[in-house]
Structures are given as C-alpha cells and as structure tokens.
2 protein chains.
Amino acid sequence: MNQHDHSFLSPNTVDEASRIFKALADPTRIKILYLLSQEECSVNHITEVLDMTQSAVSHQLSFLRNLRLVKYRREGNTFYYTYDDEHVITILNQVLSHIQCE
Amino acid sequence: MNQHDHSFLSPNTVDEASRIFKALADPTRIKILYLLSQEECSVNHITEVLDMTQSAVSHQLSFLRNLRLVKYRREGNTFYYTYDDEHVITILNQVLSHIQCE
DNA sequence: GTTATATATGAACATATGCTCATATAGTTC
DNA sequence: GAACTATATGAGCATATGTTCATATATAAC
C-alpha cells in the first residue's frame with residue numbers, strides 16, 4: 001500500500017482542527033468556556049469564580065478572542081463576555097458529559 | 001452573584017477533558033488518529049504516509065498508548081495499531097467534518 | 001549465532017505555553 | 001482633572017511539548 005491509497009486531510013484542515021483542540025486543551029480555558037456556556041460573564045466575575053489573577057484570566061480571554069471563540073460587549077468599565085462559537089461549545093459539552101457518565 | 005451560584009465541574013472532570021483535548025491538539029496525532037480511524041496500520045506504514053521519522057511516530061504512538069487511545073497487536077516484527085477509544089474518534093471526526101463543511 | 005528488520009526509548013534541544021509582575025488604557029465619579 | 005475601577009497588554013520566567021539523534025530490544029532469516 002502506498003501513500004495514495006488514503007483519503008487525506010488537507011494541511012489547512014489539520015491545522016484548523018489542531019487550533020480548536022488546542023483552545024480546549026487547557027484547564028483554565030475549559031473552565032472559562034464552560035462558565036460562558038451557562039451565562040454571560042464579566043471578566044471580574046470569571047476572575048472570582050475561577051480564583052485566578054485578573055491578568056491570567058484576561059490573557060486567556062485574549063487567546064479565546066483571537067480564535068473567535070468568545071466575544072464581548074462593553075458596559076461602562078465592565079466587559080461582558082459570551083461564547084461566539086456554538087460548535088466548539090457543543091464539542092466541549094459532549095466531552096464533558098461523556099467523562100461524567102463514566 | 002457569588003461562587004456558589006454555578007454548576008461546577010469537578011477538578012477530575014476538567015483534567016480528564018483537558019487530557020483528551022491535548023491528545024487531539026497536535027497535528028501529528030490528528031493525522032495518526034485519522035489514519036487509524038480508517039484502517040489498522042503498522043508503525044512503518046504510518047511513518048511512510050506521514051513522511052516522518054520512525055522515532056517521532058513511535059513517540060507519538062507511545063503518547064497515544066498511555067492515554068489508551070490506541071492499542072496494537074504484534075505479528076512477527078510488525079506492530080499493527082488500531083484506535084481504542086471510539087468516543088475520541090467520534091469527536092475528531094465531528095470537528096474535522098465541521099471544518100470541511102465551511 | 002550473526003545479520004537484518006521493525007519498533008521502542010532515553011537524552012538533548014528548540015519552541016510553545018501559561019502564569020506573574022508591572023504598567024497602560026479607558027471609562028466613571030467626584 | 002484627579003482618583004478610582006475594570007480590563008488589557010508586554011516582558012520575563014518556568015514548565016511542557018515535539019522533534020532529532022543515538023541506542024536498545026526483540027523477532028526473523030540465514
């Protein structure tokens with residue numbers, strides 16, 4: 001059998017999949033996305049719930065923003081974040097419920 | 001609103017989810033798992049198809065073996081690998097087909 | 001038993017990742 | 001406009017990650 005007997009993934013597809021899974025691969029980001037899957041949250045709220053520094057949370061939100069997995073709206077000094085990729089939330093919830101069912 | 005108004009994930013659940021997503025976060029492992037989702041493969045075959053060194057492939061297989069995502073059978077000098085976690089393959093295929101549909 | 005083949009494994013290295021610390025930015029309140 | 005609040009951001013650092021290189025292991029063929 002040689003290399004041409006397979007159905008292949010394009011490099012772009014592999015990279016994009018890798019990016020999505022990388023986004024979900026960190027415990028902090030899992031917790032943030034799980035929170036946002038339940039309700040809109042301010043940065044401050046996320047910081048308190050996860051018991052992390054403001055900076056650490058903000059860096060992770062920046063990461064998620066760059067991947068367009070979350071978006072925010074501003075209200076005065078407060079930034080309210082929501083998720084912005086239904087599919088990724090679905091994948092996350094599938095994996096979480098699969099784990100919890102064991 | 002305080003910390004107790006949320007449905008929380010247990011640390012174990014978060015860690016386990018993180019481990020699954022980390023496994024899928026690397027392009028090489030995505031390609032290997034995708035190959036194995038289609039057919040049983042020898043290490044040598046994977047090495048050729050992915051055009052990587054034997055060592056690199058073997059290290060990644062070792063990684064996937066530790067997470068029980070793949071298993072193998074031996075036939076003489078040849079090790080034939082198959083996937084060993086249907087759910088992870090399902091998640092991978094969902095993400096891949098979602099990307100390819102865009 | 002020696003040689004060849006297929007795979008595994010340990011050390012080393014370069015890059016990526018996630019956090020902290022310090023500071024910048026921008027809106028709010030007085 | 002000065003002080004306060006909420007968030008963002010850049011630099012630095014420690015750890016994790018993925019590869020290469022060299023070598024070990026184990027079966028096969030002779």
Side-chain angles (χ1 to χ4, degrees), chain A residues 1-2 11 14-36 40-82 84, chain B residues 1-2 11 14-36 40-82 84:
Chain A
M1 186 176 278
N2 67 47
V14 174
D15 283 352
E16 177 64 14
S18 164
R19 237 173 296 142
I20 290 175
F21 287 125
K22 263 195 185 100
L24 294 167
D26 176 68
T28 297
R29 288 193 294 271
I30 289 176
K31 291 182 214 162
I32 291 177
L33 287 173
Y34 181 71
L35 253 182
L36 296 182
E40 187 181 54
C41 294
S42 70
V43 177
N44 195 31
H45 181 63
I46 298 172
T47 300
E48 285 172 6
V49 172
L50 301 194
D51 190 26
M52 293 181 61
T53 66
Q54 179 270 320
S55 181
V57 169
S58 189
H59 276 296
Q60 293 295 3
L61 287 171
S62 161
F63 181 106
L64 294 170
R65 237 165 38 221
N66 287 334
L67 290 179
R68 303 194 186 275
L69 301 188
V70 302
K71 63 186 172 190
Y72 66 94
R73 67 182 177 84
R74 183 172 204 151
E75 208 170 279
N77 262 342
T78 305
F79 291 52
Y80 291 100
Y81 277 81
T82 49
D84 197 25
Chain B
M1 185 176 277
N2 68 47
V14 173
D15 283 351
E16 176 64 14
S18 164
R19 238 173 296 141
I20 290 174
F21 287 125
K22 263 197 185 97
L24 294 167
D26 176 67
T28 297
R29 289 193 294 271
I30 289 176
K31 290 183 216 162
I32 291 176
L33 287 172
Y34 181 70
L35 253 181
L36 296 183
E40 187 182 54
C41 294
S42 70
V43 177
N44 195 31
H45 181 62
I46 298 172
T47 300
E48 283 171 7
V49 172
L50 301 194
D51 192 24
M52 293 180 60
T53 66
Q54 179 269 320
S55 181
V57 169
S58 189
H59 276 297
Q60 294 295 4
L61 287 171
S62 161
F63 182 107
L64 294 170
R65 236 166 37 220
N66 288 334
L67 290 179
R68 304 194 185 276
L69 300 188
V70 302
K71 62 187 173 192
Y72 66 93
R73 66 181 178 85
R74 185 177 203 145
E75 209 170 278
N77 263 342
T78 305
F79 291 51
Y80 291 100
Y81 277 81
T82 49
D84 196 24

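Numbers restart at 1 for each chain; the letters A, B, ... are given by sequence-line order, proteins then strands. It should be emphasised that the depicted structure is a prediction, and the values quoted were computed from it without experimental measurement.
Scanning both residues, B:Ser18 and A:Ile30, for their nearest heavy atoms gives N-CD1, 3.5 Å.
Taking the side chain as every heavy atom from C-beta outward, A:Leu67 and A:Lys22 never approach each other to under 4.5 Å. You'll find the side chain of A:Val70 reaches within 4.5 Å of the side chain of A:Leu33, heavy atoms only. B:Leu61 has its side chain within reach of B:Ile46: a pair of non-hydrogen atoms, C-beta onward, lies under 4.5 Å apart. At a threshold of 4.5 Å between non-hydrogen side-chain atoms, the residues A:Gln54 and A:Asn44 do not count as touching. Side-chain contact between B:Gln60 and B:Met52 is absent, with no heavy atoms from C-beta onward closer than 4.5 Å. Between A:Lys71 and A:Thr82 the shortest side-chain heavy-atom distance falls below 4.5 Å.
Applying a 4.0 Å cut-off to non-hydrogen atoms, the residues of residues 71-82 of chain A that approach DNA chain D are A:Asn77, A:Thr78, A:Phe79, A:Tyr81, listed by residue number.
Closest to the B:Ser42 side chain, of the nucleotides D:dA8, C:dT7, D:dT9, is C:dT7.
Computed from coordinates, the A:Ile46 CD1 to D:dA6 P distance equals 14 Å when rounded to whole Å. Rounded to whole angstrom, the span from the CG atom of A:Leu50 across to the C1' atom of C:dG18 amounts to 14 Å. Put simply, CG on A:Asn66 is 13 Å from P on C:dG18, counting in whole angstrom units. Between the CG atom of A:Asn44 and the C1' atom of D:dA8 there is a distance of 14 Å, rounded to whole Å.
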Which letters describe nucleotides 16-23 of chain D, given B = protein heavy atom under 4.0 Å from base, S = only from sugar-phosphate, - = neither? -SSSBBB-
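When the side-chain nitrogen and oxygen atoms of B:Arg65 are compared with OP1 and OP2 of C:dT9, one or more of them lie within a distance under 4.0 Å.
No side-chain donor from either of A:Tyr72 and A:Arg65 sits under 3.5 Å from a side-chain acceptor of the other.
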